[in-house]
Amino acid sequence: FTRHRDALHMPQAIRNAKAAGTTLGRMRRYTHASRAVRAIGCGLAAKIDVIGDSPVVRFAAKELGRYLSRATGQRISFADRSDRLAQFRLGVCHDVGISPPKKLTTEDDWICIRRHPFGYLLTGSNPRSVLFAVYRYLRECGFRWLRPGRRGEVIPDLSSPILADFAVAEAASYRYRTICIEGAVK
């Protein structure tokens, strides 16, 4: 990492640890409470409302619940369809009543994360984009995935699963994104 990239992509706690000589391999948990706010409902368990029938959106909800539960120590549950007090609502944009930009097709990835009265709405132009929205939200909470497996995960200590004032609506720069490794790899 260069110094400039550290400043943009790493939370303050990681930058302080690097300055003190602590390696990321030894520092698996850190406090990242600068963007978190107190839990809504005085300690009630956070709920996730899954809108639609897509197995990818259900997987995205499980990932969100699993990671937020590990970071907060709170139980994250799934809401009934009639429960409108859920802190997180996940679904494809057409299912939740949001229109994507006109130039996009269902093959293009577009994510939208915005506040709703009790928490956040995480949506996208297709089920895959909803999963991307979940990982983007988790990244803003301070989660990092440095390498495969649990040892490569950086899980923040959060007081609440709800971030303070975060919103994003963006499309992927390219429809097709791949990694090409050519030549010898050690």
#### Entry: Test item: R177 side-chain N/O and Y174 main-chain N/O as donor-acceptor pair under 3.5 Å
yes

### Shortest non-hydrogen contact between A86 and A79, atoms and distance
CB-CB, 3.9 Å

### Summary
Output for pair (C141 SG, L163 CG), nearest 0.5 Å, gives 4.0 Å

#### Entry: Validation row: F143, I155 side chains within 4.5 angstrom (heavy atoms)
yes

#### Entry: Heavy-atom pair with the smallest gap, counting every atom of T123 and A133
O-CB, 3.8 Å

### Query
Sub-3.5 Å donor-acceptor pair from the side chain of Y137 to the main-chain atoms of F166, do we have one?
no

### Task
To the nearest 0.5 Å, tell me how far L138 CG sits from L122 CG.
8.5 Å

### Side-chain heavy-atom pair V56, V130 within 4.5 angstrom cut-off
no

### Message
Would the distance check show the side chain of R139 and the main-chain N or O of W145 forming a donor-acceptor pair, the cut-off being under 3.5 Å?
### Response
no

### Message
Using 0.5 Å steps for rounding, measure from the CD1 atom of I113 to the CZ atom of F132.
### Response
12.5 Å

### Shortest non-hydrogen contact from V50 toward A61
CG2-CB, 3.4 Å

### Message
Main chain of S159, side chain of T72: is a donor-acceptor contact present, judged purely on distance under 3.5 Å?
### Response
no

### Query
Could you state the interatomic distance from CZ (R147) to CZ (R151), rounded to the nearest 0.5 Å?
6.5 Å

### Task
Grab the two heavy atoms, one from L68 and one from L158, that are nearest each other, plus how far apart they are.
CD2-CD1, 4.4 Å

### P161 and Q87, any side-chain heavy atoms less than 4.5 Å apart
no

#### Entry: Point-to-point distance, once rounded to the nearest 0.5 Å, from OG of S99 to CG of L104
11.5 Å

### Query
Is there a side-chain contact between L121 and I98, using heavy atoms and a 4.5 Å cut-off?
yes

### Query
Do R115 and I162 have side chains that get closer than 4.5 Å, going by heavy atoms?
yes

## Note on the structure
Value for CG (L90) from CG (L64), rounded to nearest 0.5 Å, stands at 6.0 Å

### Min side-chain heavy-atom separation V96-R89 under 4.5 Å
no

### Query
Is NZ or CZ of R114 both nearer than 6.0 Å to the six-membered ring centre of Y120 and within 45° of the ring axis?
no

### Query
Any donor-acceptor pair under 3.5 Å linking the side chain of S69 with the backbone of I76?
no

### Task
Classify the ring geometry between H116 and F118 as parallel (under 30°), tilted (30 to 60°) or perpendicular (over 60°).
perpendicular

### Query
How far apart are the closest heavy atoms of H94 and P100, and which atoms are they?
CE1-CD, 3.7 Å

